[in-house]
Amino acid sequence: MYSTMKTRIDQLTRGCVIALLGLIFLAAALPSVPASADGPNRVGLVVQFPDHVFTTCITFNESKISGYDVLARSGLELSIDASSSYGVAVCGINGVGCSFPAEDCFCQCQGAHCVYWSYWHLKNGQWEYSQLGASNYFVQDGDVEGWYWGEGELNMTANPPPVFTFDALCAPPTPTPTSTPTATPTSTPVPLQVDFSVDDSTIDEGECTYLRWKVQGAQALYLDGNPVGSSGTRKVCPTKSMSYRLQIVLAQGAQERLVSVDVRPATPTPTHTPTPTATWSWFHKATRTPTPTPQTAHPATPSTSGTVPTPTWTPSPTATPT
């Protein structure tokens, strides 16, 4: 009896071990679930150049990427210095900045006057100056990164780029319907229509003109970095020739429109110089004494007494005015 029970227990034990090994091999054979199973991640990017603003939305499948990866995947041409132990330094973007290694990475930041590419993160609707280099700072889905070329104190402060929200830069993903709705009309996206103009493209110094815009099919509009409505006007009084930019944020990125106003410098008023009055009058002309004309001397006929007469000069009469 005892031997029969022991044999049964051994059979059950071997069966459990075989089943456990089967589960282990099955788990190893199953494919692993990627970290971004819910879909691709997205990060917004704003780059402020001296004369325009560049915006885009970067999509990635990793759970997080560095700020430098965001900038490198934007398609912009970069000049970097990767020789520092502190990470990658951004020297130039699209030809704006310093060209390394021909120039020092901070070629315009050598003294009191410092101009460089400052690095920013958008937190709660406001830009926050980055205390880490772009290669050492990591971003996740929903973040917004910023770069600004301008004056500031290195690693301390600078001017931030214009504020763009994540929703303005990256359109929200279209939800996947769980069931097919019945008799629900589908909405047709509004095609993009842009009308951006200026009343007078050439004005004189001291004059003003008006910018006018009307846009359909855009998610957001920014006039020189400031948010505006879908239509409107703005009075401008430039003191020199200027260009004005209307940035149009779309689901797939952003576009720009440009209008220019030429300012003619004011023409100086000529100074009138009076003509001097003539000092000669008819009286002066009339009373002017002409130069005497010498008369030819004719020898007198010798007298019979033998004395030779001395020749005499006869002056011309003085002219009498009439």
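Index from 1, following the sequence. In this text the structure is predicted, and so the values were computed from the model without any measurement.
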Which residues share a side-chain hydrogen bond (donor to acceptor under 3.5 Å, both in side chains) with [X], sequence neighbours left out:
| X | answer |
| --- | --- |
| Ser241 | Asp262 |
| Gln110 | Asp104 |
| Ser243 | Ser260 |

Does any non-hydrogen side-chain atom of [Y] lie less than 4.5 Å from one of [X]?
| X | Y | value |
| --- | --- | --- |
| Val43 | Glu145 | yes |
| Leu71 | Leu45 | yes |
| Val47 | Asn94 | no |
| Asn41 | Ile58 | no |
| Gln108 | Phe106 | no |
| Ile93 | Leu78 | yes |

About how many Å separate [atom2] of [Y] and [atom1] of [X], when rounded to the nearest 0.5 Å?
| X | Y | atom1 | atom2 | answer |
| --- | --- | --- | --- | --- |
| Gln255 | Leu246 | CD | CG | 10.5 Å |
| Phe54 | Gln48 | CZ | CD | 13.0 Å |
| Thr55 | Ile248 | OG1 | CD1 | 10.5 Å |

Heavy-atom pair with the smallest gap, counting every atom of [X] and [Y]:
| X | Y | value |
| --- | --- | --- |
| Ser118 | Tyr129 | CB-CE1, 4.0 Å |
| Tyr116 | Ala158 | OH-CB, 3.8 Å |
| Pro238 | Val261 | CG-CG1, 4.0 Å |

Check: Ring centres of Tyr119 and Trp147 under 6.0 Å apart?
Finding: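 Ring centres of Trp147 and Tyr119 closer than 6.0 Å.
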Pair listing, salt bridge (Lys or Arg N to Asp or Glu O under 4.0 Å) test, anchored in [range], at least two apart:
| range | value |
| --- | --- |
| residues 119-143 | none |
| residues 71-97 | Glu62-Arg73 |
| residues 223-239 | none |

Next item on the list: Kindly say whether Val53 contributes a backbone atom to a donor-acceptor pair with the side chain of Gln247 at under 3.5 angstrom?
Entry: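 Yes, Gln247 side chain to Val53 backbone: donor-acceptor pair under 3.5 Å.
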Check: Quick check: does any side chain N or O of Trp117 sit under 3.5 Å from a backbone N or O of Val96, one acting as donor and the other as acceptor?
Finding: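 It does hold such a pair.
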Next item on the list: Decide yes or no on side chain to side chain contact (heavy atoms under 4.5 Å, CB included) for Val263 and Thr239, but give the supporting numbers first.
Entry: CA-CA 7 Å; Val263 178; Thr239 57; over 6 Å; no
Margin query: Hydrophobic clustering (ILVMFWY, side-chain heavy atoms < 4.5 Å, transitive) - are Trp120 and Phe138 grouped together?
Written below: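 Different hydrophobic clusters.
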Next item on the list: Is it possible for you to say whether Leu250 and Leu258 belong to one hydrophobic cluster, with membership spreading through side-chain heavy-atom contacts below 4.5 Å?
Entry: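 No; tracing contacts between hydrophobic side chains, which count when under 4.5 Å, never links both residues.
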In chain order, what residues pass the side-chain contact (heavy atoms from CB on, under 4.5 Å) check against [X], with sequence neighbours excluded?
| X | value |
| --- | --- |
| Val88 | Tyr68, Ile80, Ala82, Ser135 |
| Ser79 | Cys91, Phe100 |
| Asp51 | Phe49, Arg245 |
| Ala168 | Thr165, Ala220, Tyr222, Val249 |

Check: How about Cys57 and Cys170, are their SG atoms within less than 2.5 Å of each other?
Finding: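 Cys57 pairs with Cys170 as a disulfide (SG atoms under 2.5 Å apart), so yes.
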Checklist line | Listed partners of Trp127 passing ring-ring contact (aromatic ring centres under 6.0 Å, His included), at least two apart | finding: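 Trp127: no ring-ring contact (aromatic ring centres under 6.0 Å, His included) contacts found.
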Margin query: Determine whether Tyr137 and Val70 satisfy the following criterion, side chain to side chain contact (heavy atoms under 4.5 Å, CB included), listing intermediate values before the conclusion.
Written below: CA-CA 11 Å; Tyr137 184 87; Val70 174; over 6 Å; no
Next item on the list: With side chain to side chain contact (heavy atoms under 4.5 Å, CB included) as the test, would you mind laying out the steps for Tyr244 and Val198 before giving the verdict?
Entry: CA-CA 9 Å; Tyr244 300 90; Val198 61; over 6 Å; no
Output side-chain donor-acceptor pairs under 3.5 Å for residues 203-214, partner residues at least two apart or in another chain, one line each.
| unit_1 | atom_1 | unit_2 | atom_2 | d |
| --- | --- | --- | --- | --- |
| Asp204 | OD1 | Arg264 | NE | 2.7 |
| Asp204 | OD1 | Arg264 | NH2 | 3.0 |
| Glu205 | OE1 | Ala266 | N | 3.2 |
| Glu207 | OE1 | Asp204 | N | 3.0 |
| Thr209 | OG1 | Asp200 | N | 3.1 |
| Thr209 | OG1 | Asp200 | OD2 | 3.4 |
| Arg212 | NE | Asp199 | OD1 | 2.8 |
| Arg212 | NE | Asp199 | OD2 | 3.3 |
| Arg212 | NH2 | Asp199 | OD2 | 3.0 |
| Trp213 | NE1 | Gly229 | O | 3.1 |

